[in-house]
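Just so it is clear, the structure is predicted and the values come from calculations on it, not from any experiment. Proteins get letters first, then strands, A, B, ... in listed order; numbering begins at 1 in each.
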Amino acid sequence: MNACKVNTAENTELKNLFRACGFQTLLADMVATAKTEETQYHLVDTIEKFYEFLNLLVAQRIFAIDLETTSTNPLIARIVGISFSWQAREAYYIPLMVPEGTACLSADIVLSNIRAVLEDKNIKKIGQNIKYDLLVFRRNNILLQGIVFDTMIASYLLNPEKRNHNLDDIAFEYLSYKTIATSEVIGSGKEQITMDQADVAKVCKYACQDADISFRLADVMEPRLKEGALSELLQDIEIPLLYVLAEMEWNGIGLNTHLLHEMSDTLTAKLQQIEKEIYASAGYEFNISSPRQLSEVLFEKLELPRLRRTKTGLSTDANVLTTLAWQHALPKLVLEYRQLMKLKNTYVDALPGMVNPNTGRIHTSFNQTVTATGRLSSSEPNLQNIPIRTEIGRQIRRAFIPSGNDTMFLSADYSQIELRILAHFSEDEALMTAFHQDKDIHSSVAAAIYGVPIENVTSEMRRNAKAVDFGIVYGLSEFGLSRDTGLSLEKAREFIDSYFALFQGVKRFRNKVVDQARICGYVKTLFHRKRFIPDICSEDKKRRNLSERIAVNTIIQGSAADLIKVAMNNIHTRLQEGVYGAKMLLQIHDELLFEVQKDTITLTRSMVQEEMSRAVMLNVPIKVNIKTGVNWMETE
DNA sequence: GCATTCTGCAA
DNA sequence: TATTGCAGAATGC
């Protein structure tokens, strides 16, 4: 049998996988391959064929669609071709870009003829990472509608911990199908497709395969989702959300690059100054950014105490340096240097380069299939970790600006949403009461633990209580708590004990979660998002403990993620009423940032407030704080 | 060039 | 030796 080409590394990997599953069969016999399967892939490259194709297309109620493009960035990409499949092992490819000198259908004619089908919400579409296609179509003034299935999202819901949800991996997992390697068709896959590298027939084969596989996957994955009670989560939350995320990515956010350039110059001057002081303090010049060279200075030259080790040497992280700062001037200088260098390299200097030349704005990617808990992630650039905690860092937020003088930012954030969800699940009397009475939750917890009236809670008491509240959400240990509060291990243990004595509902909830996880092997969120916890019964205490923390945290963090996704969908629907003059720009886990027309700001404010608060009914109130400002710093 | 390690930013 | 992420610089292969 002629199995497809598999490189050595992949081959070994597959064999190991099969061994792990107890299979002895030869690799070649196990895997269906592109080369041994009968497929009918049609190249639609003449106007006659296109009209034939069109006749078939308009008769379909559901099909898979896939775009070949010139770039991985949908806001730059141009369409190379479009593939369709509405029957297993059969697909059509319409090239829109071909080698120079070759004839090709006009993109205008093709797009204008298929537009009605693409924009018909009653004609169902399937895709792999279809948010991408949605954005590329939008650049071509086509508003894709009727999306009912995304194989990437389906794979994510079936196993959110999987690292790759690319089509090749999913096809192998659910269809035992080994695709033609992309590299065989168009090179490394990261390069742009140029017609010198690949002729149309090859691209056709690859494009048709993707649409075909996507179509077949939907068929296989749908029952799997039903089995896992995940269909509603996909249809009611994730698929509608994909449109919202595409809209947010499309909108982008304005950046005052001039301000950032000024900040960069200031930082450069400060850094040079600190650098000089560090060299003077050390006695010689070295690379401050190199942990290895720095530890040589700190621990060999200056003979400062060696506080903590890493895998490869001595740690020089902020904790270590803060402790060492008591004994020597250098660690403090390095801390300052590191802080400024971090801000400069990661934000101040990097962000201006991410501005899209066509729109003059920053367009992040919101990834829907990355986190194990159901949260979104943001990348290129990550706009979910813009500094806020230190004054100098916070200044960076001033550079994020609304598009014009008639617009402002509006930010809306959930107040203590994770603890409210904890109160909801645990039905803890004390916690529920505190929220019903709208008490400051950390002060309230401090008052209970220290046994003082809430007005007598000191800032230190509150700080410690806050650390425990965080700890509960993350799954706490006395070590972690003592590390965070500076309390002794003994004190930290006492603190935790008294917390659980007072909040017995929380204790019961934790035990219940762990028991459930042991029994079914997974935990579920508010909207039935699942995460498997295979190590929950591990013999290894460390792994077991980690699994228990993961179990508790996933329910809380994941439910909070579900909740804000529902709110985003509902707000998006409301915004389409058209009376608001507002755009959703960013989601930062418990916060939404909007750009709003000044004259509709009151209206938008109350709508956002309403939709976020009523996204789901908990047994405690949901509180939302809303602020407006002329830049992102002013809305904090 | 690519992967790993350390570091540090956010919720 | 607290949960989830992304990214830059140094470093090693």
Touch class at under 4.0 angstrom, heavy-atom based, for [X] against every strand present:
X: R394(A); value: nothing
X: V552(A); value: nothing
X: A467(A); value: base
X: L383(A); value: nothing
X: S378(A); value: sugar-phosphate
X: E380(A); value: sugar-phosphate
X: A372(A); value: sugar-phosphate
X: D484(A); value: base

To the nearest 0.5 Å, how far apart are CZ in R549(A) and OG in S477(A)?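 Interatomic distance, R549(A) CZ to S477(A) OG, rounded to 0.5 Å: 6.5 Å.
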Measure the acute angle between the ring planes of Y499(A) and F503(A), then classify it against the limits of 30° and 60° as parallel, tilted or perpendicular.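 Correct class here is parallel.
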More than 12 foreign heavy atoms under 6.0 Å from CD of E539(A): is that the case here?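 Not buried by this count: 12 neighbours or fewer within 6.0 Å.
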Atom CZ of residue position R614(A) - does it have more than 12 heavy atoms of other residues, nucleotides or ligands inside 6.0 Å?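 Yes, CZ of R614(A) has more than 12 neighbouring heavy atoms, counting only those of other groups under 6.0 Å.
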Interatomic distance at P, dT5(B) relative to dT1(C), whole Å: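 These two P atoms come out 16 Å apart once rounded.
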Going 5' to 3' along nucleotides 5-11 of chain B, which nucleotides have protein heavy atoms under 4.0 Å from the base (write B), which only from the sugar-phosphate (write S), and which from neither (write -)? SSSBBSB
Assess, by modelled atom type and distance only, whether the side chains of [X] and [Y] contain a donor and an acceptor separated by less than 3.5 Å.
X: Y156(A); Y: D150(A); result: no
X: D413(A); Y: S411(A); result: no
X: S379(A); Y: S365(A); result: no

Please find the earliest and latest nucleotides of DNA chain C, in the 5' to 3' direction, that have an atom within less than 4.0 Å of any heavy atom of chain A.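 The protein-touched segment is dT1(C) to dG12(C).
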With respect to E336(A), which candidate in I274(A), L271(A), L321(A) satisfies the side-chain contact (heavy atoms from CB on, under 4.5 Å) definition?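 The passing option is I274(A).
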Okay, side chain of N570(A), backbone of E611(A): is any donor-acceptor separation there less than 3.5 Å?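 Looks like no, no N/O pair under 3.5 Å.
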Please compare P381(A) and T373(A) by the position of their nearest nucleotide in DNA chain C and report the one closer to 5'.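 This one resolves to T373(A).
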